[in-house]
Amino acid sequence: MLSDFAEVVLSYAETVPAGRVTTYGSIADAIGRGSARNVGQVMSSHGREVPWWRVVRANGSLPSFLIVDAQEHWIEESTPTRLGAVDVAHAFWSGN
DNA sequence: CGTGTGACTGGGC
DNA sequence: GGCCCAGCCACAC
């Protein structure tokens, strides 16, 4: 059973288009609930059901145990990256 | 109801 | 560039 909060976070993640990314803090901001940490917690427990590689840290990175898999997706979706992390300045998606 | 926890973040040094 | 720290807030105990 997912909490309402988790459901909102996951559905937002689903709306991020391929080749683009959004950040933990931005999601919390966009949905008007919780904080970046909460979003991270949701991704930790339920991220497997959504395109989790399109949800990154504010600096474009992800925790080490995911970075390798994420890079494969980024390459496949032509997401702009730089030094192994997403180039947030170019790939950031604000819900538009 | 109090505490601890965390795929986080921005600021200070 | 890096490290440390306080603030953040939903959730499980």
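The sequence lines fix the lettering, A, B, ..., with proteins before strands; numbering per chain opens at 1.
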Mind checking side chain to side chain donor-acceptor pair (under 3.5 Å) for [X] and listing every partner two or more places apart, or none if nothing turns up?
| X | value |
| --- | --- |
| A:Thr23 | A:Ser26 |
| A:His90 | A:Asp87 |
| A:Asn38 | A:Ser35 |

> By a strict heavy-atom criterion of less than 4.0 Å, which residues belonging to residues 38-77 of chain A are in contact with DNA chain C?
Replying inline: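 Those residues are A:Asn38, A:Gln41.
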> Which residues in residues 13-35 of chain A have at least one heavy atom lying under 4.0 Å from any atom of DNA chain C?
Replying inline: A:Gly34, A:Ser35
Taking side chain to side chain contact (heavy atoms under 4.5 Å, CB included) as the test, write out the residues that go with [X], two or more places apart.
| X | answer |
| --- | --- |
| A:Ala28 | A:Val39 |
| A:Ala6 | A:Leu2, A:Ser3, A:Val42, A:His46 |
| A:Ser61 | A:Arg57, A:Asn59, A:Ala85 |
| A:Ser11 | none |

> What interatomic distance, in whole Å, is found between C1' of B:dA7 and the corresponding atom of C:dC13?
Replying inline: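 Looking at atom C1' only, C:dC13 and B:dA7 are 22 Å apart.
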>> Looking at every heavy atom in both A:Ala91 and A:Val86, which two are closest together, and how far apart are they?
In response: CB-CG1, 3.8 Å
> Please, which pairs that meet salt bridge (Lys or Arg N to Asp or Glu O under 4.0 Å) have at least one residue in residues 61-77 of chain A, sequence neighbours excluded?
Replying inline: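 Found A:Arg54-A:Glu77.
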>> Enumerate the salt bridge (Lys or Arg N to Asp or Glu O under 4.0 Å) contacts for residues 1-20 of chain A, please, sequence neighbours excluded, ordered by first and then second residue.
In response: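 Sorted result for residues 1-20 of chain A: empty, none.
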> Below 4.0 angstrom from OP1 or OP2 of C:dC11, is there any side-chain N or O of A:Ser3?
Replying inline: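 For C:dC11, OP1/OP2 do have a side-chain N/O of A:Ser3 under 4.0 Å.
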> Expressed in angstrom and rounded to an integer, what is the separation of A:Phe5 atom CZ from C:dC8 atom P?
Replying inline: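 For the pair A:Phe5 CZ and C:dC8 P, the rounded distance is 15 Å.
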> Taking atom P of C:dA10 as reference, at what distance in whole Å does atom CD of A:Glu7 sit?
Replying inline: 16 Å
Check the interface with nucleotides 1-4 of chain C: list each N/O to N/O pair with the protein under 3.5 Å, or write none.
none

